[in-house]
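Within every chain, numbering begins at 1; the chains are lettered A, B, ... in the order of the sequence lines, protein sequences first and strands thereafter.
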Amino acid sequence: MRIGELSKKTGVASRMLRYYEEQGLISPTRLDNGYRDYQDYLIDRVGKIRGLVDSGIPSRIIVDILPCLDQEQDIVVRNVEPGLRDLLAQERDRMSQKIDFLTQNRDAITKYIAALDEAATEAPLASAS
DNA sequence: ATTCTTACA
DNA sequence: TGTAAGTA
């Protein structure tokens with residue numbers, strides 16, 4: 001399928017699909033007319049990529065994690081790149097740190113929402129005062 | 001009508 | 001990311 005169809009199926013803007021390609025996250029083939037040709041499995045892959053990207057994970061890390069996502073559980077460990085283990089461990093710690101940060105913000109927002117609801121209950125028409 | 005690349009906001 | 005230009 002071409003970029004427009006993949007965009008509709010994944011909800012990812014075609015602009016970003018081309019960007020993902022630049023980042024080495026996906027490698028669509030080309031049609032004779034130069035149009036990008038995406039395989040069906042990329043629909044699922046793009047969904048996972050979006051999840052990672054939306055979590056704020058740098059694309060350079062996503063590239064290393066992607067092969068783990070494309071398989072069910074049988075992770076192939078042939079690519080024993082030198083510092084990859086440490087790189088991923090370091091990234092995992094950053095994720096934990098980010099999760100803690102987001103958890104705090106979520107709780108703070110939850111309290112704020114509660115305060116807003118309470119205020120609305122006490123003074124229903126005070127929004128324009 | 002769609003997509004492509006390049007480039008600017 | 002969105003959009004514009006000029007193509008294929």
If you compare every side-chain N and O of A/R36 against the phosphate oxygens of B/dT3 (OP1, OP2), does one of them come in below 4.0 Å? no

Shortest side-chain distance from A/R30, nucleotide among C/dG2, B/dC4, C/dT1: B/dC4

Counting only side-chain heavy atoms from C-beta out, which of C/dG2, C/dT1, B/dC4 sits nearest to A/M16? C/dT1

Could you state the atom-to-atom distance from CD1 of A/I3 to P of B/dT5 in whole Å? 9 Å

[Y]/[X] salt bridge by N-O under 4.0 Å criterion:
| X | Y | result |
| --- | --- | --- |
| A/D107 | A/K111 | no |
| A/R94 | A/E91 | yes |
| A/K9 | A/E5 | yes |

Intra- and inter-strand pairs of DNA chain C in dot-bracket (Watson-Crick or G-U wobble, both distances under 3.5 Å; | for another strand): ||||||.|

What string of B, S and - do you get for nucleotides 3-8 of chain C 5' to 3' if you count protein non-hydrogen atoms under 4.0 Å? B----B

Could you tell me whether a side-chain N or O of [X] sits under 3.5 Å from a main-chain N or O of [Y], the two making a donor and an acceptor?
| X | Y | result |
| --- | --- | --- |
| A/T121 | A/D117 | yes |
| A/T10 | A/G47 | no |
| A/R60 | A/Q23 | no |

Do you know the tightest heavy-atom contact between [X] and [Y]?
| X | Y | value |
| --- | --- | --- |
| A/S7 | A/V12 | OG-O, 2.7 Å |
| A/L25 | A/L66 | O-CD2, 3.3 Å |
| A/E21 | A/Y38 | OE1-OH, 4.3 Å |

Where along residues 20-29 of chain A does a heavy atom fall under 4.0 Å from DNA chain C? none

Going through the checks in order, is the side-chain contact (heavy atoms from CB on, under 4.5 Å) test met by A/Q39 and A/R45? CA-CA 10 Å; A/Q39 304 303 308; A/R45 191 186 174 89; over 6 Å; no

